[in-house]
There are 2 protein chains.
Amino acid sequence: MAQTRAPRADAVRNRKKILTAAGEQITEHGPEVGMDEIAAAAGVAVGTLYRHFPTKTDLVAAVVAAYVARVADDAETALGRVEAGARALDELAAFLGRVVEASVTDRAVKAAAQTLGAEPGDRADEDRASAAVAAIIRAGQADGDIHDDVTVSDIYLLFSTAPTDQPPAARTRWLALVMPGLTTRAREAGN
Amino acid sequence: MAQTRAPRADAVRNRKKILTAAGEQITEHGPEVGMDEIAAAAGVAVGTLYRHFPTKTDLVAAVVAAYVARVADDAETALGRVEAGARALDELAAFLGRVVEASVTDRAVKAAAQTLGAEPGDRADEDRASAAVAAIIRAGQADGDIHDDVTVSDIYLLFSTAPTDQPPAARTRWLALVMPGLTTRAREAGN
DNA sequence: CTTTAACGTGAACCAGGGTTCATGATGGAT
DNA sequence: ATCCATCATGAACCCTGGTTCACGTTAAAG
């Protein structure tokens with residue numbers, strides 16, 4: 001196959017700036033930010049956006065992919081702690097808490113992706129995340145902390161609905177309300 | 001004040017048709033349905049939409065208001081049953097189940113409302129619903145079935161995020177996962 | 001240093017969809 | 001039966017926002 005020349009240094013730099021700016025802008029002003037605004041935030045012209053991403057959908061998809069990769073890393077790290085002896089239920093709760101927090105930075109992006117019909121270009125990261133979460137769940141079930149019928153799709157189901165447009169206190173509360181559905185014991189009164 | 005003449009019969013008829021069609025269309029094809037399509041579904045011209053609702057936002061707001069009114073009625077009926085001796089927790093669960101079901105017919109509308117910044121024209125219905133739900137919760141707490149710190153805003157928090165884009169089985173599962181957060185006892189294994 | 005392919009620029013283009021308005025139809029009061 | 005205010009119609013308008021493209025720039029190979 002033909003040797004394609006290595007990409008120019010400034011192109012790489014711009015691509016990063018665009019991805020970052022797109023994430024921030026979409027998070028801040030919702031999915032309906034104009035390409036113009038994203039370009040401005042990245043300190044770049046509109047045309048440059050289109051050089052790197054043929055379509056707005058593709059740009060959003062790329063942003064989502066980056067987010068999914070981060071989540072996958074997080075999940076695998078959490079799994080590592082479990083394997084090192086940490087309590088699975090605690091790790092799961094902490095992980096989910098982080099997801100909810102991060103999803104504030106994310107919900108809008110996801111919504112945009114859905115609206116635009118963007119497909120995750122990289123299924124691999126999704127699988128990584130699923131595998132890690134599944135392992136944590138199994139560990140928790142072995143401990144007798146997590147309900148036996150809980151699956152990864154339950155997690156997805158629950159957290160695809162995290163209230164990202166709510167203030168932090170509400171998000172915390174939400175997590176506290178949702179967790180008992182996963183565990184074998186009812187929640188404590190004060191929690 | 002000046003006596004405004006009573007509205008014409010066909011105007012009333014059309015207003016109803018529009019409201020119905022708008023609800024259906026938005027539910028079916030998402031919030032981004034064109035005014036043209038709504039008009040077509042209602043068997044009416046676009047201009048007629050604008051005679052009754054000065055703006056798309058207003059139309060959506062009206063649809064939302066109608067939905068809220070229905071929910072309020074439902075909540076009050078449920079409260080009635082509780083006062084007649086029904087178990088509060090059961091009524092709450094059933095009510096929430098209905099809300100989730102109905103929200104399939106609604107989520108899109110709500111999203112549209114949010115997107116367009118539509119304000120609920122009628123706060124009264126919202127208050128009716130809140131009051132009824134609050135009363136049911138109190139009854140359930142008196143029974144010892146519902147956790148003491150549960151409030152109406154918890155219900156909102158949880159159900160403003162119901163997974164409406166999921167298949168029925170998933171919605172049922174979701175409800176089962178969420179309910180334990182409200183009750184004093186962990187869920188049964190088989191449920 | 002020269003050359004060139006990759007890259008950046010931004011004004012202009014275009015489609016989709018909300019909104020308007022001049023015109024014609026109609027319900028209801030006299 | 002007549003009249004008119006209310007209502008319905010839908011083609012045209014306009015604005016927003018994604019997308020393109022002809023031209024100027026620049027990083028890197030030789």
Side-chain angles (χ1 to χ4, degrees), chain A residues 1-22 25-26 28-63 108-109 111-118, chain B residues 1-22 25-26 28-63 108-109 111-118:
Chain A
M1 60 167 153
Q3 271 291 357
T4 61
R5 176 184 294 193
R8 262 164 53 172
D10 59 343
V12 177
R13 223 178 308 133
N14 278 334
R15 176 172 245 274
K16 249 173 216 158
K17 284 200 295 184
I18 292 172
L19 232 32
T20 306
Q25 288 302 113
I26 293 179
E28 210 161 316
H29 309 296
E32 61 280 357
V33 274
M35 292 296 260
D36 302 7
E37 303 179 59
I38 295 177
V44 155
V46 215
T48 306
L49 260 57
Y50 283 92
R51 176 167 293 278
H52 289 276
F53 305 95
T55 227
K56 184 177 184 179
T57 301
D58 292 309
L59 174 54
V60 173
V63 174
V109 177
Q114 201 164 348
T115 301
L116 300 172
Chain B
M1 56 167 163
Q3 270 292 2
T4 61
R5 176 183 295 192
R8 259 166 54 172
D10 58 344
V12 177
R13 223 176 310 134
N14 277 335
R15 175 171 247 276
K16 249 171 215 158
K17 285 199 295 183
I18 292 172
L19 234 32
T20 306
Q25 288 302 112
I26 293 179
E28 209 161 317
H29 310 298
E32 61 279 359
V33 273
M35 292 295 260
D36 301 7
E37 304 178 59
I38 295 176
V44 157
V46 215
T48 306
L49 260 57
Y50 283 92
R51 174 169 293 276
H52 289 277
F53 306 96
T55 228
K56 184 177 184 177
T57 301
D58 292 308
L59 174 55
V60 173
V63 173
V109 177
Q114 201 165 349
T115 301
L116 300 172

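Throughout, protein chains are lettered first and strands after them, A, B, ... in sequence-line order, and every chain is numbered starting at 1.
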Q. Yes or no on side chain to side chain contact (heavy atoms under 4.5 Å, CB included) for B/R51 and B/N14, after CA distance, side-chain angles and deciding distance?
A. CA-CA 10 Å; B/R51 174 169 293 276; B/N14 277 335; over 6 Å; no

Q: Show your reasoning for whether side chain to side chain contact (heavy atoms under 4.5 Å, CB included) applies to B/F53 and B/V63.
A: CA-CA 11 Å; B/F53 306 96; B/V63 173; over 6 Å; no

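Atom-to-atom, CZ of A/R51 to P of D/dT20 comes out at 13 Å; the value is rounded to the nearest Å. Rounding to whole angstrom units, NZ of residue B/K17 and P of D/dC7 are separated by 15 Å. Taking atom CG of residue B/L49 and atom P of nucleotide D/dG10, one finds them 13 Å apart after rounding to whole Å. Per the geometry, CZ belonging to B/F53 stands 16 Å off C1' belonging to C/dG18, to the nearest Å. The distance between atom NZ of B/K56 and atom P of C/dT20, rounded to the nearest whole Å, is 15 Å.
Here the side chain of A/V46 is nearest to one of C/dG10, D/dT9, C/dG27, namely C/dG10. Nearest nucleotide to the B/D10 side chain, out of C/dG18, C/dG27, C/dG8: C/dG27. Of the candidates C/dG18, D/dC7, D/dT9, C/dG18 carries the atom nearest the B/M35 side chain, counting heavy atoms from C-beta on. Looking at the side chain of A/Y50, the nearest of the listed nucleotides C/dG18, D/dG18, D/dC7 is D/dG18. The side chain of B/T48 has D/dT9 as its nearest neighbour among D/dT9, C/dG8, C/dC7. Between C/dG8, D/dT19, D/dA27, one nucleotide has an atom nearer to the side chain of A/A11 than all others, and that is C/dG8. When distances run from any side-chain atom of A/N14 to the nucleotides D/dA28, C/dG18, C/dG8, the shortest one goes to C/dG8. Here the nucleotide nearest the side chain of B/V44, chosen from D/dA8, C/dT20, D/dT9, is D/dT9.
Using a 4.0 Å heavy-atom cutoff across all strands shown, B/V12 reaches no nucleic acid atom at all. Using a 4.0 Å heavy-atom cutoff across all strands shown, B/G34 reaches sugar-phosphate atoms only and no base atom.
Nearest heavy-atom pair across A/K17 and A/G43 is NZ-O, 4.3 Å. Smallest separation of non-hydrogen atoms from B/M35 and B/L49: O-CD2, 3.5 Å. The shortest heavy-atom contact between A/A21 and A/I38 is CB-O, 4.0 Å.
If B/G47 and B/R13 are placed on DNA chain C by their nearest nucleotide, the residue sitting closer to the 5' end is B/G47. DNA chain C is contacted by both A/P7 and B/P54; A/P7 maps to the nucleotide lying nearer its 5′ end (nearest heavy atom per residue). Both B/A6 and A/D36 lie close to DNA chain D; mapped to their nearest nucleotides by heavy-atom distance, the more 5′-ward contact belongs to B/A6.
Contact between the side-chain N/O atoms of A/H52 and the OP1/OP2 oxygens of C/dG8 is found at a separation under 4.0 Å.
Evaluation of atom-type donor-acceptor distances gives a pair under 3.5 Å for the side chain of A/R8 against the base of C/dA6.
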